[in-house]
There are 2 protein chains.
Amino acid sequence: MSAALDRSADGPIEGGSRRLILDTAARLLRGGGYHQTTLREIAEAVGIRKASLYYHFASKEEIVEAVVNDGVRFVHEAVVAALAQASDATPRKRLEAAIRAHLTALHGHGDYTSASIKVFTFGATPTPDSVRRVRRAYEDVWRALIAELQEAGALSPQRAPDALRFFLLGALNGSTDWYRPDRFDLADLAREFTGLITHGEQGGAAAMAADLASANR
Amino acid sequence: MSAALDRSADGPIEGGSRRLILDTAARLLRGGGYHQTTLREIAEAVGIRKASLYYHFASKEEIVEAVVNDGVRFVHEAVVAALAQASDATPRKRLEAAIRAHLTALHGHGDYTSASIKVFTFGATPTPDSVRRVRRAYEDVWRALIAELQEAGALSPQRAPDALRFFLLGALNGSTDWYRPDRFDLADLAREFTGLITHGEQGGAAAMAADLASANR
DNA sequence: CCTACCGATCGGTAGG
DNA sequence: CCTACCGATCGGTAGG
């Protein structure tokens with residue numbers, strides 16, 4: 001939570017109120033989406049009256065926007081960190097690290113990330129600009145990674161990068177509809193998914209050669 | 001529309017009323033999902049009063065259920081038909097035909113199919129049994145196809161079939177979030193997606209050999 | 001298929 | 001952070 005957003009000096013409010021509201025909203029949005037989640041539910045779960053939410057936020061949309069952006073930023077940072085840590089790994093391993101980080105952020109931590117996926121649309125109102133910006137920034141990470149992997153030969157250069165990105169992110173985010181912690185292991189899933197798309201038209205030989213070249217540099 | 005469901009003999013109702021309601025509901029559900037779409041909207045778009053909807057359906061849920069099931073059945077039949085027509089093709093071509101049929105049904109015909117994807121959850125009420133059955137029946141088509149392709153070597157037998165199915169169907173259905181007719185060609189997308197997952201750990205050589213063997217039998 | 005109506009609930013505001 | 005209230009709208013029903 002940034003200090004600029006903390007209004008604890010402005011009124012009858014303790015430190016974590018705003019964050020508590022967002023935590024609660026994230027949990028409910030994750031389950032119900034935009035329209036199903038009501039301000040009364042959020043307020044009741046927090047332990048305050050509904051009208052009190054308006055001391056912290058100007059509207060329902062502002063609450064949802066904050067949750068969604070936090071969720072995407074969290075995945076974004078997790079993937080960037082994983083790629084930085086795997087900067088010397090093979091292209092394949094870098095892809096696997098990015099996929100694992102995305103899946104882990106999506107399922108392993110809190111509710112913000114899942115809520116972000118669930119709230120793809122903001123109902124009748126258009127998607128806020130800030131949300132589009134934050135999403136776009138994260139997509140750029142994958143744009144760059146896919147370009148890198150295609151150059152390195154770990155992903156077939158014959159595949160259209162946009163289709164590849166849409167396909168992969170769609171498959172990863174779709175996991176919110178079927179993933180169950182007791183049934184899947186996130187590291188296993190990441191390995192499976194990486195194996196699924198790691199070979200191009202030329203097949204595994206080229207990718208293996210690329211892996212070796214990368215490991216030796 | 002089955003004759004058993006046509007109640008045109010029961011009251012002041014013309015032939016296509018029920019179907020017109022479902023067509024309209026499908027269009028609105030596709031855009032807004034379960035909670036955003038209201039009975040008033042549907043009625044107004046049809047040109048009747050909201051209360052009149054209850055002459056044809058017992059509840060909002062019944063309308064949505066009919067749309068969702070019709071949508072899944074439509075994709076199901078399209079994919080089965082495509083596979084039947086490609087029964088002599090290579091495993092790769094069969095997969096591509098199934099993917100193309102799924103994408104075409106999803107984006108090329110009416111609103112039922114997209115509405116089915118959009119209405120993944122039925123709000124607070126649990127997903128109706130009929131919906132679960134219809135969805136499951138369609139998943140079984142992919143279960144069988146994936147098993148067939150893994151046996152034939154077109155998909156790596158090292159990949160967990162369930163993860164593969166979730167991954168692929170998630171990616172295909174996620175296309176409702178980004179697909180634009182003016183930007184993508186469905187046949188091109190199908191070819192891209194097929195190329196993406198068509199090679200296993202052994203790489204393209206094994207798959208190519210399998211294709212040749214299949215083509216020669 | 002209609003008019004008329006229902007209680008419940010929605011997001012949001014007034015005023016403290 | 002509260003009590004009290006708002007108009008609008010929801011899915012659904014009565015009765016024809």
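Protein chains get the first letters and strands the later ones, always in sequence-line order, with residue 1 at the start of each. What you are looking at is a predicted structure, and each value in this text was computed from that prediction instead of being measured.
Checking D:dA14, D:dC1, C:dC1 against the side-chain heavy atoms of B:Ala51 singles out D:dA14 as nearest. Ranking D:dC2, C:dC1, D:dC1 by closeness to the A:Tyr55 side chain, first place goes to D:dC1. Of the listed nucleotides (D:dG11, C:dC2, D:dT3), D:dG11 has the atom at the smallest distance from the side chain of B:Lys60. Of the candidates C:dG11, C:dC2, D:dC2, C:dG11 carries the atom nearest the A:Tyr54 side chain, counting heavy atoms from C-beta on. Checked against D:dC2, C:dC1, D:dC1, the side chain of B:His56 finds its nearest nucleotide in C:dC1.
One finds a salt bridge joining B:Asp111 and B:Arg30 here, because a Lys/Arg side-chain nitrogen approaches an Asp/Glu carboxylate oxygen to under 4.0 Å. B:Arg143 and B:Glu139 are joined by a salt bridge, as a carboxylate oxygen and a charged side-chain nitrogen come within less than 4.0 angstrom of each other.
In this structure, the CG atom of A:Leu53 is 10 Å from the P atom of C:dG11, given to the nearest Å. In this structure, B:Tyr34 places its OH atom 14 Å from P of D:dC10, rounding to the nearest Å. Going from atom CD of A:Glu44 over to atom P of C:dG11 covers 13 Å, rounded to whole Å. The distance between atom CZ of B:Arg49 and atom P of C:dA4, rounded to the nearest whole Å, is 10 Å. Between the CD1 atom of A:Ile48 and the C1' atom of D:dC2 there is a distance of 11 Å, given to the nearest Å. Atom CG in A:Leu39 sits about 11 Å away from atom P in C:dT13, given to the nearest Å. Between A:Arg18 atom CZ and D:dC1 atom P there is a gap of 12 Å when expressed in whole angstrom units. Here the P atom of nucleotide C:dT13 and the CZ atom of A:Phe57 are 16 Å apart, to the nearest Å.
In terms of modelled atom types and a separation under 3.5 Å, the side chain of B:Gln150 and the main chain of B:Leu155 share no donor-acceptor contact.
Side chains of B:Glu65 and B:Ser130: a donor on one and an acceptor on the other come within 3.5 Å.
Residue-to-nucleotide proximity on DNA chain C shows that, of B:Ile21 and B:Arg40, the 5′-proximal contact is made by B:Ile21. Heavy-atom distances to DNA chain C give each of B:Ser52 and A:Glu41 a nearest nucleotide, and the one nearer the 5′ end belongs to B:Ser52.
Contacts of A:Thr38 with the nucleic acid, taken as non-hydrogen atoms under 4.0 Å apart, involve only primed sugar atoms and P, OP1 or OP2.
When Watson-Crick and G-U wobble pairs are counted only if both distances are under 3.5 Å, D:dG16 pairs with C:dC1.
Not less than 6.0 angstrom separates the ring centroid of B:Phe74 from the ring centroid of B:Tyr112.
OP1 or OP2 of C:dC1 sits under 4.0 Å from a side-chain N or O of B:Ser17.
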